[in-house]
2 protein chains.
Amino acid sequence: MAAKPESYENIVQTASRLFFHQGYHATGLNQILAESGSPKGSLYYYFPRGKEELALECIRRGNEFIKQKLKETLAENDDPVRAIQEFIRNTAEEADRVSFNGFMPIGFWTAAETSCISESLRHACVNTFTDWQHLYMERLQADGWMEEKARSLAVLIISMLEGALILAVTQQSSEPIYNVVDYIPQLIK
Amino acid sequence: MAAKPESYENIVQTASRLFFHQGYHATGLNQILAESGSPKGSLYYYFPRGKEELALECIRRGNEFIKQKLKETLAENDDPVRAIQEFIRNTAEEADRVSFNGFMPIGFWTAAETSCISESLRHACVNTFTDWQHLYMERLQADGWMEEKARSLAVLIISMLEGALILAVTQQSSEPIYNVVDYIPQLIK
DNA sequence: GTCTATAAGAAGATAGAC
DNA sequence: GTCTATCTTCTTATAGAC
């Protein structure tokens, strides 16, 4: 795959930041173009089918980014409990670092928002959650957990983190995220 | 307080259903008026400050509705574990009943979506979460849990349920919600 | 490939008749 | 109090110059 031009990168990165922060519908193409400094023609040159195609690429990118982070963190630690705690703690630190105001490489509540609008966006979000689930499952199974138990733990961890992110963004405090960290040992044992 | 006219009720109920299902930004006033069968003049007569004022009333109503349900369910059961499980199970059943497609008296991901747009909407959502938290806390403290432990458990339960709702709506399956039910006993002990 | 100008429609909001 | 017609602005999307 050839390297994409700079304007392509600018558009995708700006769009990702805005979509994942404000939501899909709250983000207009004009805002994306204004903040990325790109003209409208470029967007429709790279994404002929418009906003939805751009959002699909943002979801795909966001998913790859998180998968990479999650994979690394889960591999770095011998103890799966500590590994998972580490990932969630990193998420909280990132949220604080950007003051809940930048690209939060985490929240796919875009998922819920777009799921009743577009089937293709919904499907992309389902794939994202499934990918994360498999990473948690692999790590837990490698530590001796049975497949079905690993699956339900993985789903629970993702639920807790996504829900805590909602609370965190709403309350403008990372406390709910750290609260999840505290309960991981009690769940995975 | 005098009883509100029928058109007022129609508007608020239709708006609630659409806001909580599709999201704030994805729901246009025209859609609300078309589906409620009301003219635009009525909306601005009852809500002179427009969409945001209407959304505030919907959040207030939704909060009252959930608080009532939660209070009842928590009071009905001697065992707090079973009481909380019952409430979450009811939520899953309601989601299935409306096929993730009607008024889901639960998800305040509107919270995250609107928090970066309007301070007054964000504040209303914070109040909502705080109210729920206090109901869980009271029930847990009545059963002998210390205040701080009850608080963190309450925040965790809300996080789990909200996150599970995101997964459920995205995957169009209530399984993530029932998954939360399974882990309540392990957490509250 | 890059950029501008503009179209076509929907958004939220308002004025004013009845 | 109820309803309609209209305004402005912003949305996504396109056409076409360079």
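Just so it is clear, the values below take in all heavy atoms, side chains as well, and ignore hydrogens, waters and symmetry mates. All values derive from a computational prediction rather than experimental measurement. Every chain is numbered from 1, with letters handed out A, B, ... down the list of sequences.
Tyr8(B) has its ring centre no less than 6.0 Å from the ring centre of Tyr45(B).
Under the side-chain contact (heavy atoms from CB on, under 4.5 Å) test applied with Met160(A), the options Leu187(A), Ile177(A), Val155(A) reduce to a single match, Leu187(A).
A salt bridge (Lys or Arg N to Asp or Glu O under 4.0 Å) check over residues 27-45 of chain A, counting only residues at least two apart or in different chains, returns the pairs Arg17(A)-Glu35(A). Pairs passing the side chain to side chain donor-acceptor pair (under 3.5 Å) check and including a residue from residues 138-150 of chain B, sequence neighbours excluded, read Tyr183(A)-Lys149(B), Glu147(B)-Arg151(B), Glu148(B)-Arg151(B).
Residues Arg89(A) and Glu93(A) are not paired through a salt bridge, judged by the lack of any N-O separation under 4.0 Å between the basic side chain and the carboxylate.
Nucleotides of DNA chain C with any atom under 4.0 Å from a heavy atom of chain B span, from 5' to 3', dA11(C) to dT14(C).
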Which side-chain N or O atoms in residues 71-83 of chain B pair as donor and acceptor under 3.5 Å with protein atoms at least two apart or in another chain?
unit_1, atom_1, unit_2, atom_2, d
Glu72(B), OE2, Gln68(B), NE2, 3.3
Thr73(B), OG1, Lys69(B), O, 2.7
Asp79(B), OD1, Val81(B), N, 3.2

Considering only nitrogen or oxygen atoms on both sides, find all protein atoms under 3.5 Å from nucleotides 7-11 of chain D and state each distance.
unit_1, atom_1, unit_2, atom_2, d
dT11(D), OP2, Asn30(A), ND2, 3.1

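Residues meeting the side chain to side chain contact (heavy atoms under 4.5 Å, CB included) test with Ala15(B), sequence neighbours left out: Phe19(B), Ile32(B), Leu54(B), Cys58(B).
Where Tyr24(A) and Ser38(B) each meet DNA chain D at their nearest nucleotide, the meeting point lying more 5' is that of Ser38(B). Two residues, Gly41(B) and Pro39(A), neighbour DNA chain C, and the one matched to the more 5' nucleotide by heavy-atom proximity is Pro39(A).
Considering only heavy atoms from C-beta on, Ile84(B) stays 4.5 Å or farther from Val181(B) through its side chain.
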